[in-house]
Amino acid sequence: MLLYLKLLLFSTCFFCYLCALNNMFMKHIRVLLSITALFAILFVVSCGKRPDKQFSLNDVSSVTKVELFQDSLSVILTKTDSVWMVNSEYVAGEEAIDMLLNILNSQQVVGAVSAVQADSALTLLAEKGLRIKVYEGKKRASLDFTVYYTPELGFYGLVEGNRQAYRLQLPLVEDNPYDYLSAMPSFWRNNVLVSALPSEIRMVWVDDMEDPEKSFRINRKDDGTLELYDPYNEVVVENADVARMNTYLGYFNGLSYERMLDLNPEDHKSILLSPSPYRLSVKTADGNRIALQLFYISNDFDAYGNPLDYDPDRFYLSMNNGSDIALAKWVDFDLLLRELSYFVDK
């Protein structure tokens, strides 16, 4: 198309030269120049936008809404008074939103998907891709593209209405950007599990699945005093350290996971059937109760390539009766995974 534009401009200049020889053709010159200028403007507008600018924004502070769609799932993230909401019901997690905005601001085009892989890429985008529409306070989306990831193609995307897919990357980030995108509403919700002071916690139950004798339960009775219960032997522990129990309950306030996982049904089921070292249950004064189950992440290796029984840094966290699975850090839960003897006066 650029060649055609050059030919048109050359022809126009030549025609103007001929017409200038005769004043009677000046009217025709103005008309032709106007048409040429309009054609050039349309060409620049339609073809001049760089591919990477079709997948990112220079300033994400103006973003007011992001819509994500994949298969039958969808979620709408909206910003009102600097607070991001999930489907206008729940406060969104700050880390999840920050990563989303980072992707929308920083992701770059590495290059076009090769002709050999193009058909496969377009098919996967159409059948399994995640569509993202970004708004800046307008009815029309500022960005509208679909992304997907495969080990063979990596992270790639397609602008809506186009046929050329591009490979994408997020500079200075080793993780796969696709792991931080989802059309699942729970993926974007605030990741704080417990927000309660020690006095507001009515019950904590830690079930040691590998060594049941170490399991314990802390109850707050109606008069506010704490009670240590041994569920394995089904008895109340008389010589419990009340001060230590109070301090322990304070560790739950602000308990959170790292991020929600968007898993396919097979992987989801596989995790729920894998070995589980702990189950935790917390009940607060407002009647809320959360039940959590921890699962090992296996097939990990140390810095020297030696196989480990499980990932020493992270684990899978099941919640909502197993319907949601998140990624969590052991360091955030270590102080909670005590054993019964920890609270018994020596």
Side-chain angles (χ1 to χ4, degrees), residues 66-77 86-87 89-90 92-93 95-97 99-100 103 117 119-133 145-158 165 168 175-193 207 209-210 256-281 289-300 308-311 313-330 332-333:
V66 180
E67 298 176 343
L68 301 100
F69 310 89
Q70 188 172 41
D71 296 329
S72 60
L73 296 174
S74 65
V75 62
I76 300 177
L77 307 173
V86 181
N87 289 341
E89 292 185 74
Y90 307 100
E95 291 186 5
I97 293 296
M99 191 61 187
L100 170 65
I103 292 173
Q117 299 173 313
D119 289 342
S120 174
L122 292 175
T123 299
L124 289 172
L125 284 166
E127 295 179 353
K128 301 181 179 181
L130 173 68
R131 185 175 179 182
I132 303 173
K133 300 177 70 174
F145 58 88
T146 301
V147 293
Y148 195 61
Y149 172 85
T150 66
E152 297 77 20
L153 294 170
F155 183 52
Y156 63 99
L158 175 73
L168 307 171
D175 295 339
N176 177 11
Y178 193 70
D179 290 339
Y180 295 91
L181 301 170
S182 175
M184 183 172 63
S186 59
F187 183 92
W188 300 100
R189 288 178 59 175
N190 192 322
N191 62 347
V192 175
L193 296 166
D207 188 3
M209 309 282 284
E210 297 176 330
S256 63
Y257 54 86
E258 186 173 7
R259 60 185 172 89
M260 193 68 69
L261 297 177
D262 189 359
L263 303 166
N264 62 53
E266 292 78 12
D267 290 341
H268 192 114
K269 182 177 180 180
S270 176
I271 291 173
L272 295 181
L273 293 176
S274 65
S276 171
Y278 295 99
R279 287 187 301 194
L280 281 75
S281 183
R289 180 169 183 165
I290 62 168
L292 309 171
Q293 188 164 359
L294 287 63
F295 295 91
Y296 291 124
I297 298 178
S298 58
N299 301 324
D300 198 35
L308 299 172
D309 291 334
Y310 60 88
D311 189 324
D313 300 317
R314 291 174 172 82
F315 61 91
Y316 296 124
L317 183 66
S318 166
M319 61 193 81
N320 299 325
N321 295 319
S323 61
D324 294 321
I325 296 179
L327 197 64
K329 297 178 180 178
W330 287 110
D332 294 331
F333 280 72

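Worth knowing before you read on, the calculation uses all heavy atoms, side chains too, and leaves out hydrogens, waters and symmetry mates.
- For residues 178-189, no pair satisfies salt bridge (Lys or Arg N to Asp or Glu O under 4.0 Å), with sequence neighbours left out.
- Not a single salt bridge (Lys or Arg N to Asp or Glu O under 4.0 Å) links Glu95 to another residue, sequence neighbours left out.
- In this structure the side chain of Met260 reaches within 4.5 angstrom of the side chain of Asp324, judged on heavy atoms.
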Show which side-chain atoms of residues 121-133 pair as donor or acceptor with protein atoms under 3.5 Å away, not counting sequence neighbours.
| unit_1 | atom_1 | unit_2 | atom_2 | d |
| --- | --- | --- | --- | --- |
| Thr123 | OG1 | Asp119 | O | 2.9 |
| Arg131 | NE | Asp144 | OD1 | 2.9 |
| Arg131 | NH2 | Asp144 | OD1 | 3.4 |
| Arg131 | NH2 | Asp144 | OD2 | 2.7 |
| Lys133 | NZ | Tyr135 | OH | 3.4 |

Walk me through whether Leu68 and Leu77 qualify under side chain to side chain contact (heavy atoms under 4.5 Å, CB included). CA-CA 8 Å; Leu68 301 100; Leu77 307 173; 3.9 Å; yes
Does the side chain to side chain contact (heavy atoms under 4.5 Å, CB included) test come out yes or no for Tyr316 and Leu261, once each step is laid out? CA-CA 9 Å; Tyr316 296 124; Leu261 297 177; 3.7 Å; yes
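- For Arg259, the salt bridge (Lys or Arg N to Asp or Glu O under 4.0 Å) test picks out no residue, with sequence neighbours left out.
- When all heavy atoms of Ser74 and Pro185 are compared, the closest pair comes out as O-CG, 3.7 Å.
- The closest donor-acceptor contact from the side chain of Asp311 to the backbone of Asp313 lies under 3.5 Å.
- Put simply, the side chain of Trp188 never gets that close to the backbone of Ile76: no donor and acceptor are under 3.5 Å apart.
- A distance below 6.0 Å separates the ring centres of Phe333 and Phe315.
- In terms of the salt bridge (Lys or Arg N to Asp or Glu O under 4.0 Å) criterion, residue partners of Arg279 (sequence neighbours excluded) are, by chain and number, Asp207.
- When all heavy atoms of Ile290 and Leu193 are compared, the pair lying nearest together is CD1-O, 3.8 Å.
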Verdict with supporting geometry, Ser281 and Arg289, side chain to side chain contact (heavy atoms under 4.5 Å, CB included): CA-CA 7 Å; Ser281 183; Arg289 180 169 183 165; 3.1 Å; yes
Could you walk me through whether Asn190 and Tyr90 pass the side chain to side chain contact (heavy atoms under 4.5 Å, CB included) check? CA-CA 8 Å; Asn190 192 322; Tyr90 307 100; over 6 Å; no
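- Residue Tyr178 comes nearest to Gln70 through the heavy atom pair OH-NE2, 2.8 Å, listed as atom of the first residue, atom of the second, then distance.
- Between the CZ atom in Phe295 and the CG atom in Leu273 there is a gap of 8.5 Å [rounded to 0.5 Å].
- Not a single donor-acceptor pair under 3.5 Å links the side chain of Asn320 to the backbone N or O of Ser323.
- The two residues Pro277 and Trp330 come nearest to each other via the heavy atoms CG-CH2, 4.2 Å.
- With rounding to the nearest 0.5 Å, the separation of CG in Leu317 from CD1 in Ile271 is 11.0 Å.
- Ile97 approaches Ala92 most closely through the heavy-atom pair CG1-CB, 3.7 Å.
- Rounding to the nearest 0.5 Å places CG of Leu158 at 15.0 Å from OH of Tyr148.
- Residues Pro177 and Ile103 approach most closely at O-CD1, 3.7 Å, considering heavy atoms.
- Using a distance-only test at 3.5 Å, with no hydrogens or angles considered, no donor-acceptor pair links the side chain of Ser270 to the main chain of Asp267.
- The distance from atom CG of Asn87 to atom CD of Glu89, rounded to the nearest 0.5 Å, is 6.5 Å.
- From Ile325, atom CD1 reaches atom CG of Leu272 across 4.0 Å, with rounding to the nearest 0.5 Å.
- With values rounded to the nearest 0.5 angstrom, Glu258 atom CD is found 5.0 Å from Leu327 atom CG.
- Remark: Asp332 engages Lys329 in a side-chain contact (heavy atoms from CB on, under 4.5 Å) (not counting sequence neighbours).
- At distances below 3.5 Å, at least one donor-acceptor pair connects side-chain atoms of Ser276 with backbone N or O atoms of Leu294.
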